[in-house]
**Student:** 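What follows is a structure written as structure tokens; I'll ask about it next.
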Amino acid sequence: MKRGLWNLLIGIALLLGVAWTWAGRVPPFVIASGAGLSPAPAVGHPAPEFALHSPAGDSFSLGALRGQPVVLNFWATWCPPCRSEAPDLQSASRRYAGQVAVIAVDQGEPAAMVQAYTAQQGLTYPSPLDESGRVSLAYGVHALPTTFFIDREGIIRQIYVGPLSGPLLAQMLGTIYP
Amino acid sequence: MMLPVLQIGPLAVQTYPLALLLAGWAALATGARLATRLGIEGDHIYNAGLSGLAAGLVVGRLAHLIAFWPAYRLEPLSIIGLNARAFLPWPGALAGLAVSGYYVYRHRLPLATVLDAAAPGGLLGMAIAQLGAWLAGLEPGAPAGLPWAIAEWGVRRHPVQLYQVAALLPAFVVVLLVLRRQRRPGRAAWSALLGYGVSLWLIEPFRESSATLVAGLRTLQLLGLAAILIALVALRPQPEAKKIMRASERSSDGEPG
């Protein structure tokens with residue numbers, strides 16, 4: 001191909017490139033608030049709403065925490081990696097008390113079992129019960145533990161599958177707090 | 001379809017890190033094979049790649065340690081814990097490139113030929129990594145009602161990771177053809193950069209969320225556009241005068257024209 005034709009090709013690539021890049025930009029209101037996106041268990045989407053009961057029978061709803069960053073963890077007492085990360089979640093819930101809510105949704109276990117385990121381990125953050133698995137399904141939880149980091153506006157900013165360590169928890173918290 | 005964890009008996013293997021390992025192996029094996037064909041010992045590609053990888057992992061991990069030191073201080077055992085997310089990618093990538101580059105410089109290898117040999121494997125590796133990202137549900141596409149949309153995280157979406165595979169595999173084949181026919185070293189590497197740039201620039205807007213620069217412009221799309229323009233300028237045919245000069249240089253050296 002001649003050099004002149006090639007220069008023309010570069011010019012066309014530049015024009016098309018700029019046009020497609022401009023057309024594909026993310027609208028500012030979506031970046032800030034996830035507006036226009038449906039609730040879904042994906043980064044950038046509003047977190048799906050749910051209401052459950054705690055082992056003590058109190059009602060719990062995610063919507064009531066709007067305005068506060070939330071660490072939403074899915075776990076079960078039989079899951080060894082969930083047990084290993086629980087002290088880090090407990091420590092974060094203490095350190096950020098009143099600023100970040102740590103919630104651990106228990107998957108499909110009876111209230112008595114969860115209550116006994118959390119009391120024995122000294123876990124004080126709320127552990128609402130997802131006995132039917134409905135909330136786990138809505139959040140597409142395929143493996144335990146899975147943790148969602150939700151910002152003040154209720155938008156999911158990070159999803160982590162697997163056990164969290166203290167440093168990883170600090171890294172992920174940085175996406176929703178301060 | 002999502003398969004973030006492969007359960008093999010009692011062993012749970014995370015799909016994405018496994019795909020990254022496979023991708024690295026495929027890239028190095030392809031690079032070594034092509035290097036031998038271009039007159040460079042295949043071991044040099046393995047050595048340059050693996051030393052870069054080792055440096056990248058060490059620096060990426062150290063950078064994570066420094067960035068999150070207050071948390072590590074409270075939990076010293078996690079310093080030796082390995083986790084695919086406990087790395088900072090940019091410092092690691094820069095260190096890896098620097099060490100691989102130093103290996104090439106120290107062994108006086110022809111840089112353009114090394115890059116030509118490594119380029120197709122790089123595209124193949126990225127395609128395998130994208131397959132892993134698709135299985136793990138990472139960086140999902142925007143919601144779509146198209147017949148080929150797939151369910152990820154409970155929503156039907158553009159299978160962006162597969163779009164990228166569909167762009168990278170043909171680019172891999174094209175770059176192999178360029179490598180076979182090229183007369184000037186470096187053309188295959190520039191062609192690979194062009195192919196990769198096109199795949200980023202074209203597909204990034206179909207992702208659910210992207211890192212943005214200013215005014216909502218997607219960072220990776222801008223990088224893709226820059227790669228396209230740089231590669232097109234580098235691939236531009238030489239001016240006639242320069243060709244004649246090179247031909248006369250060759251004939252004065254006694255080379256066949």
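Note that the structure is a prediction, hence the values are computed from the model and not measured. Chain letters run A, B, ... following the sequence lines, proteins first and then strands; every chain starts at 1.
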**Student:** Side chain from CB out, backbone as N, CA, C, O: work out which of these in B:L225 comes under 4.5 Å of a heavy atom of chain A, or both, or neither.
**Tutor:** side chain

**Student:** For residues A:P167 and B:A71, report the shortest heavy-atom separation together with the two atoms involved.
**Tutor:** CA-CB, 3.6 Å

**Student:** Can you pull out the residues in residues 198-207 of chain B with any heavy atom less than 4.5 Å from chain A?
**Tutor:** B:W201, B:L202, B:P205, B:F206

**Student:** Suppose the criterion is side-chain hydrogen bond (donor to acceptor under 3.5 Å, both in side chains): which pairs have a residue in residues 63-82 of chain A, not counting sequence neighbours?
**Tutor:** A:N73-A:E85, A:N73-A:T147, A:T77-A:E109

**Student:** Below 4.5 Å from any heavy atom of chain B, which atoms of A:P81 appear? Answer side chain, backbone, both or neither.
**Tutor:** neither

**Student:** Please report the closest heavy-atom contact between A:I10 and B:L229, naming both atoms and the distance.
**Tutor:** O-CD2, 4.1 Å

**Student:** Can you name the nearest heavy-atom pair linking B:Q14 to A:V161, along with the distance?
**Tutor:** NE2-O, 3.8 Å

**Student:** Can you list every pair that meets side-chain hydrogen bond (donor to acceptor under 3.5 Å, both in side chains) and has a residue in residues 47-59 of chain A, with sequence neighbours left out?
**Tutor:** none

**Student:** How close do A:A13 and B:L232 get, counting heavy atoms only, and between which atoms?
**Tutor:** CB-CD1, 3.6 Å

**Student:** Should A:H45 and B:P140 count as side-chain neighbours, where that means a heavy-atom distance under 4.5 Å?
**Tutor:** no

**Student:** Going by heavy atoms in the side chains, are A:N7 and B:R236 under 4.5 Å from each other?
**Tutor:** yes

**Student:** Which atoms form the tightest heavy-atom contact between B:Q221 and A:W20, and what is the distance?
**Tutor:** NE2-CD1, 3.2 Å

**Student:** Is A:I159 close to chain B through its backbone or its side chain, or both, or neither, when contacts mean heavy atoms under 4.5 Å?
**Tutor:** both

**Student:** So which pairs with a foot in residues 172-194 of chain B pass ring pair (Phe, Tyr, Trp, His ring centres under 6.0 Å), sequence neighbours left out?
**Tutor:** none

**Student:** Measuring from A:M172:CE to B:F68:CZ, what's the distance to the nearest 0.5 Å?
**Tutor:** 8.5 Å

**Student:** Going by heavy atoms in the side chains, are A:W6 and B:L235 under 4.5 Å from each other?
**Tutor:** yes

